[in-house]
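Residues: numbered from 1 along the sequence shown.
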Amino acid sequence: TIAEFSGRNLIQGEPDASSFPSGGLRATFEARGYTGWDVTSPIFLQVEPNGVTMTIPTAYVSYTGEALDFKIPLLRSQEALGTEALRVLRWFDNTTTKRVFTNIGPEQEYFLIDRRLAEQRPDLLLTGRTLFGAASPKGQELEDQYFGPIRERILAFMMDVDRELWRLGIPAKTRHNEVAPGQFEMAPVYEATSVGSDHNMVVMSLMRRIAAHHGLMFLIHEKPFAGINGSGKHNNWSMATDDGENLLDPGNDPHANAQFLAFLVAAIRAVNVHADLLRASIADAGNDHRLGANEAPSGIVSIFLGAQLVDVIEQLEQGPAAASKKGVDVELGVTSLPVLAADATDRNRTSPFAFTGNKFEFRAVGSSAPIYWPQTVLNTAVADSLKQLADELDGLDHGDFESLTGILSGIVKANKQVLFEGNGYSEAWHAEAERRGLPNN
């Protein structure tokens, strides 16, 4: 027998589209579907005990052209955002950038528990969470899980995960204890969104497999145990150009960085106008148990900018911004310790969408969720705002920053209600959000 294998087999495949869980989009008598090689995401080799499998990230489409996966909508949203972002950059006389794309750094939270104990719990085995039982005798009283050492058994698991991820070309960066007993987190180096989304799926699969080798059960249900923290993903999101510029980097003087302010204001409008869609994109039974307490963000979609940028935005609302607040040094009063350079802004972990230095952190995504769909919705919402901004800029002369200020000021005035710096868990915020007309789902 002679088996032939051509390059065409790599580029296009034909799976059974009627068997895919597509909500009945393809019936059994309409079975043909196609996979196409997604060249934005690297192929990789999966090393198994008895062999090696070459895996090719693909897009999945029906015979009649409907997207049957999350990848195609994500790539469409990416191109839509890139097209409109380039229009804005051209107004700022950027003629060299050829492509704008989004980056993602999804922090993955998870629980590890002893497998022998887990196998005595049918609720945990079948649903990924406890449905009955008693509160643990020890919870988070001292937060000693968070700040204590990583236990030997867990560190062995983490090191195995790191080795396998690097072998697959997935750059793991951080590993640490999380706040709840038995809870942990890993974070990767940021990558293009289509690549980072694929890699996060591999991360979850790999962790589940390696945990079993260490006699552990891997849990990524958003709220596996009552009374303690649940798990989420913190999707660190930014926009970048193909020549290496982060469009959400404010620089040393954000008030004087007109291009940054244009992209920042577009993101603010996107989250305000499409708050209901963003909330829907991260909604599921597990995540809705988690949101609103225990270090999870609020279910009311709002934006935290921090003191520095809020001050700049308030100035911009009235006209040109003239100054930016600066961070201060923290003196510890000990000669052997360094003077610490404090940021100009604090962090707000109750915010679902927080600015953190040179990116937004979409904190509300659930730990078990594929991140393709939340990022598709976010990219598309920002593309919508950038299109509106680009349409208005088309009527201005390049360099007419006075008119640009007027446009940005108008967007701020129409969308400032989504900005919130306070405690997202408080009853006062629920009342204030209702007064502002923000959706509370």
Side-chain angles (χ1 to χ4, degrees), residues 21 48-49 106-162 164-165 172 174-187 200-234 282-297 299 349 363-371 425:
E48 307 292 347
E107 303 168 27
Q108 177 71 55
E109 294 181 331
Y110 58 95
F111 281 82
L112 292 174
I113 60 175
D114 190 286
R115 191 166 193 89
R116 293 170 302 170
L117 300 175
E119 286 173 348
Q120 298 175 41
R121 297 298 302 255
D123 52 350
L124 209 54
L125 290 173
L126 294 172
T127 70
R129 65 184 294 246
T130 53
L131 302 179
F132 55 89
S136 168
K138 183 178 182 302
Q140 297 175 202
E141 293 83 4
L142 301 176
E143 312 290 26
D144 49 344
Q145 156 76 3
Y146 201 8
F147 295 105
I150 303 175
R151 295 184 182 183
E152 239 177 69
R153 185 181 182 188
I154 302 302
L155 190 57
F157 161 83
M158 290 177 167
M159 287 180 166
D160 275 356
V161 168
D162 277 1
E164 288 299 312
L165 291 180
T174 306
R175 57 175 183 234
H176 60 83
N177 293 343
E178 255 301 333
V179 178
Q183 188 184 30
F184 309 94
E185 182 179 287
M186 70 81 62
N200 182 249
M201 296 297 287
V202 177
V203 164
M204 291 189 288
S205 175
L206 189 71
M207 283 182 163
R208 188 179 300 280
R209 179 164 60 83
I210 292 178
H213 296 169
H214 291 264
L216 298 166
M217 177 170 279
F218 172 71
L219 297 178
I220 48 172
H221 191 291
E222 283 74 20
K223 196 69 174 171
F225 305 106
I228 62 174
N229 287 8
S231 295
K233 281 192 180 82
H234 306 147
I282 52 95
D284 64 50
N287 207 27
D288 288 357
H289 277 294
R290 180 182 75 99
L291 297 177
N294 301 107
E295 297 194 9
R349 306 180 80 186
R363 292 182 53 84
V365 182
S367 58
S368 68
I371 62 175
Y425 298 162

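- Heavy-atom minimum distance, Leu216 versus Leu112: CD1-CD1, 4.0 Å.
- In this structure, Arg363 and Arg290 approach most closely via the heavy-atom pair O-NH2, 3.7 Å.
- Under a cut-off of 6.0 angstrom, the local environment of CD in Glu152 is sparse, with at most 12 non-hydrogen atoms contributed by other residues, nucleotides or ligands.
- Figure legend: Arg209 and Phe218 shown without cation-pi pairing, the cationic atom not lying both under 6.0 angstrom from the six-membered ring centre and within 45 degrees of its axis.
- Going from atom CD of Glu295 over to atom OH of Tyr146 covers 6.0 Å, rounded to the nearest 0.5 Å.
- Here the closest non-hydrogen pair linking Asn177 and Pro149 is ND2-O, 3.3 Å.
- A donor-acceptor contact shorter than 3.5 Å is absent between the side chain of Glu164 and the backbone of Leu206.
- Residue Arg153 places its CZ atom among more than 12 non-hydrogen atoms of other residues, nucleotides or ligands, all under 6.0 Å distant.
- Here the closest non-hydrogen pair linking Met217 and Ala118 is SD-CB, 3.5 Å.
- Remark: side-chain polar atoms of Lys233 are paired, donor with acceptor, to backbone N or O of Ser367 under 3.5 angstrom.
- Under the 3.5 Å distance criterion, the side-chain polar atoms of Asn229 are left unmatched by any main-chain donor or acceptor of Val179.
- To the nearest 0.5 Å, atoms CG (Asn294) and CZ (Arg349) are separated by 11.5 Å.
- In this structure a side-chain-to-backbone donor-acceptor pair under 3.5 Å is present from Tyr425 to Ala296.
- Closest approach of Leu165 and Met186 over heavy atoms only: CD1-CE, 3.6 Å.
- Here the closest heavy-atom approach between residue Asp114 and residue Arg116 is recorded as OD1-N, 2.9 Å.
- Interatomic distance, Leu219 CG to Leu124 CG, rounded to the nearest 0.5 Å: 5.0 Å.
- Residues Gln145 and Phe184 meet the side-chain proximity criterion, which asks for heavy atoms closer than 4.5 Å.
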Query - CA sep, side-chain torsions, deciding dist, call: Thr130, Arg121, side-chain contact (heavy atoms from CB on, under 4.5 Å) - result: CA-CA 8 Å; Thr130 53; Arg121 297 298 302 255; 4.0 Å; yes

Query raised in the report: When you look at His213 and Phe157, which way does the side-chain contact (heavy atoms from CB on, under 4.5 Å) test go after all the steps?
Result: CA-CA 8 Å; His213 296 169; Phe157 161 83; over 6 Å; no

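- A donor atom on one side chain and an acceptor atom on the other are found under 3.5 Å apart for Asp160 and His214.
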Requested in this report: For the pair Phe225 and Phe111, evaluate ring pair (Phe, Tyr, Trp, His ring centres under 6.0 Å) and give the outcome as yes or no after the intermediate values.
Outcome: CA-CA 10 Å; Phe225 305 106; Phe111 281 82; 5.5 Å; yes

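- In this structure, the separation between OG1 on Thr174 and CE on Met158 is 11.0 Å, given to the nearest 0.5 Å.
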Query raised in the report: Between Met159 and Asp162, is a side-chain contact (heavy atoms from CB on, under 4.5 Å) present by the stated rule, with each step listed?
Result: CA-CA 5 Å; Met159 287 180 166; Asp162 277 1; 5.5 Å; no

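- Side chain of Asn287 to main chain of Ala364: a donor-acceptor pair is present (N/O by atom type, distance under 3.5 Å, no hydrogens or angles).
- Applying side-chain hydrogen bond (donor to acceptor under 3.5 Å, both in side chains) to Ser231 and the options Glu222, Gln108, Glu109, Gln183 leaves one that passes, Gln183.
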